[in-house]
Asks: 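Here you go, one structure.
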Amino acid sequence: MAPPTENYFLLIAPLLLLLLAYTSFLFISGKSPSLKRRRIEAQTPPPGPPALPIIGHLHLVGKILPTSFQALAQRHGPLLTLRLGFSTCVLASDASTAKQIFKAHELNFSSRPEFGSAQYSIYRGSNFAMAPHGDYWRFMKKLTVTRLLSPARLRLLAGVVDDERVRLLRSVAGSDGKVCDLGSELTAMTNNVICRMAMSTRCSGESEEAERVRGVVAECLDLAGKLSCGDALGPLFSVLDFSGNGPKLVRVLTEFDGLVERIIKEHEEEEETERRREDLLDILLEIYNDPLAEIRLSKTDIKSFLLDIFIAGTDTTSTAMQWAMAELINHPAAFKNLRDEINTVVGPNQLIKNSDVPNLPYLRAVIHETLRLHPPAPLIIRESADDCQVNSFTIKRKTRVLTNVYAVMRDPQSWKNPDEFIPERFLEDNSDEKIEGGNFDFRYLPFGSGRRGCPGASLAMMVMHATVGALVQCFDWEVEDGEKLDMRLGSGFGGEMARPLLCYPVSRLSPHYF
Ligand code: HEM
């Protein structure tokens, strides 16, 4: 793997002087993290590469975190301690270590840590996806799995997915023979699916309010990411926050709060007139009004939950579909196999439906293989509740543990030709059952695992199968000058493509079919 050309060391160089002064102060006042650690640690923590004073391992970390962490693991082992400035984490990078974290010590690793951005969150304490393991998280998870995203609700939502998919196909058909920003089209679609399912409003087209919800959520994500990177620079950096991102985040969250507050009010007024829509907000309001509910939800809890769903559900699903289409366009033989399968099973003159998916093994294999190579959430973050032994090393309580599922799912010990796009590998040995039954013994983890695993996986699969299948069925795809699409991974924590997915659709099915 090539060494990172641009790395965090360069990005933070101007701040090192300040950090030096801060560390000197800690040292003089006897609070040096390394001295303190030496005093309290009798057992051996996971090893790490040689570290520099103050910055620790920051100089070893490139801008693209999953590949950079993968390269470190290849050199130094599957369980590593990394010190990134003032923040320490343990990095797990193979299936057997992941199994220890997600299975053997599952309960111990069932919390997530708080990040630097949390102090600016107006929903602090109401957050679900990043909540510590406890009564509130347990209640919200049960509610999500048994009602909000239950199989019965997904069946009701299938109509919304179909409707938004048809809008997407019509919009793409509008670019027939011209360049199409397929990535933006897919993100608009997933936003609309989540917006309609959550509060019966669309994010593009008719409603300006909903369009703003979409913009605000994107800004929140961006600012929270920047603030959390600031974690590495220590508590002094958080207090000073030179970038002003903290107050910006408060402003954006307050705007989201106002928008959703108005949508809640509309729902409550319609509730009085008994015009029920039965979206997620209706269910949440029903629990809010239930005096016998196990936990009394506040309106802040409801707004925070909706924000979580937007953040966790939109870009992830869109990113996965972008990678799937890019792989298929770059692999004409796989594209043809999929087109032939759809033509045989569905027929040439009707649009693929969700009910066709059980009869389309190659389509399911394409989606599985895409998620293996390009997990939209490549770094899963947990926190230890107590000291525990993993691979004979001690992970202390309250340690942040990152499982690099990108590395796990490209590990040559676990996968043959791990960097190749080979959907056929998921046609062998009842792959679907193996995935459902135990994540291929922790070699396959795109949705995480255990009690903290993704509750939106079935919804995401439903959207991805129906949409990728239809895009292959309805269009041929060309790329500028017959080139291959650029498959580089973008920078940061996420799993997005580095470049926008621009390609040329050529309609082969009359829009009359959709
Ligand atoms: C391809 C699409 C998606 C991928 C790859 C994905 C992946 C993940 C991963 C890796 C986690 C962390 C799991 C762990 O810690 O073990 C997660 C958590 C979560 N996801 Fe997804 N996700 C996707 C779509 C969705 C959708 C559509 C929704 C909801 C509409 C959703 C809602 C959530 C929530 C609420 C959590 C936090 C669960 C908890 O902490 O208990 N995700 N997702």
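Quantities reported herein were computed from a predicted structural model and do not represent experimental measurements. Side-chain atoms are counted along with the backbone in the values below, which use heavy atoms only and exclude waters and symmetry mates. Throughout, numbering of the chain's residues begins at 1 and tracks the sequence.
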Asks: Would you say the side chain of Leu297 lies within less than 4.5 Å of the side chain of Phe139, judging by non-hydrogen atoms?
Replies: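 SC-SC contact between Phe139 and Leu297 confirmed.
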Asks: Which word best sums up how the rings of Trp415 and Phe426 line up, parallel for under 30°, tilted for 30 to 60°, or perpendicular for over 60°?
Replies: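 Rings of Trp415 and Phe426: tilted, as their planes differ by 30° to 60°.
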Asks: Does the side chain of Asp356 come within less than 4.5 Å of Lys353's, by heavy atoms?
Replies: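 Side-chain contact under 4.5 Å: yes.
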Asks: Do you see a donor-acceptor pair shorter than 3.5 Å between the side chains of Ser298 and Asp301?
Replies: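 Yes.
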Asks: Is the backbone of Ser414 close enough, under 3.5 Å, to the side chain of Arg443 for a donor and an acceptor to pair up by distance?
Replies: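 Checked: pair present.
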Asks: Is the shortest heavy-atom distance from the side chain of Phe102 to the side chain of Ile380 under 4.5 Å?
Replies: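 Yes - at least one pair of side-chain heavy atoms lies under 4.5 Å apart.
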Asks: Answer yes or no: are there more than 12 heavy-atom neighbours, outside Lys141 itself, under 6.0 Å from its atom NZ?
Replies: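 Check passes, neighbour count above 12.
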Asks: Parallel, tilted or perpendicular: which fits the ring planes of Trp323 and His374, with parallel below 30° and perpendicular above 60°?
Replies: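 Aromatic pair Trp323/His374 classed parallel.
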Asks: Do we see a donor-acceptor contact under 3.5 Å between the side chains of Ser318 and Gln322?
Replies: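 The answer is yes; a qualifying pair exists.
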Asks: When you measure from the side chain of Arg451 to the backbone of Arg138, do you find a donor-acceptor pair of N or O atoms at a distance under 3.5 Å?
Replies: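 Such a contact is absent between Arg451 side chain and Arg138 backbone.
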Asks: Counting distance only, does the side-chain N/O of Arg452 pair as donor-acceptor with the main-chain N or O of Ala129 below 3.5 Å?
Replies: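 Side chain of Arg452 to backbone of Ala129: a pair is present.
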Asks: Is it true that Glu268 and Lys265 make a salt bridge, defined as a side-chain N closer than 4.0 Å to a carboxylate O?
Replies: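 Not counted as a salt bridge, because no side-chain N and carboxylate O are separated by less than 4.0 Å.
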Asks: Could you label the plane-to-plane angle of the Phe128 and Trp137 rings as parallel, tilted or perpendicular, counting under 30° as parallel and over 60° as perpendicular?
Replies: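 Because their plane-to-plane angle is under 30°, the rings of Phe128 and Trp137 count as parallel.
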Asks: Once rounded to the nearest 0.5 Å, what's the spacing between atom CD of Glu420 and atom CG of Leu373?
Replies: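 One gets 9.0 Å once the value is rounded to the nearest 0.5 Å.
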Asks: Charged N to carboxylate O below 4.0 Å: is that the case for Asp222 and Lys248?
Replies: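 Answer for the salt bridge query: no.
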Asks: Salt bridge check: are Asp441 and Lys99 linked by an N-O gap of less than 4.0 Å?
Replies: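 The answer is yes: the pair qualifies as a salt bridge.
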Asks: Give me the one residue out of Asp162, Asp279, Asp163 that meets salt bridge (Lys or Arg N to Asp or Glu O under 4.0 Å) with Arg196.
Replies: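 Single pass found, and it is Asp163.
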Asks: Answer with yes or no whether the side chains of Asp340 and Tyr362 bring together a donor and an acceptor at under 3.5 Å.
Replies: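 Not at all, the side chains of Tyr362 and Asp340 share no donor-acceptor pair under 3.5 Å.
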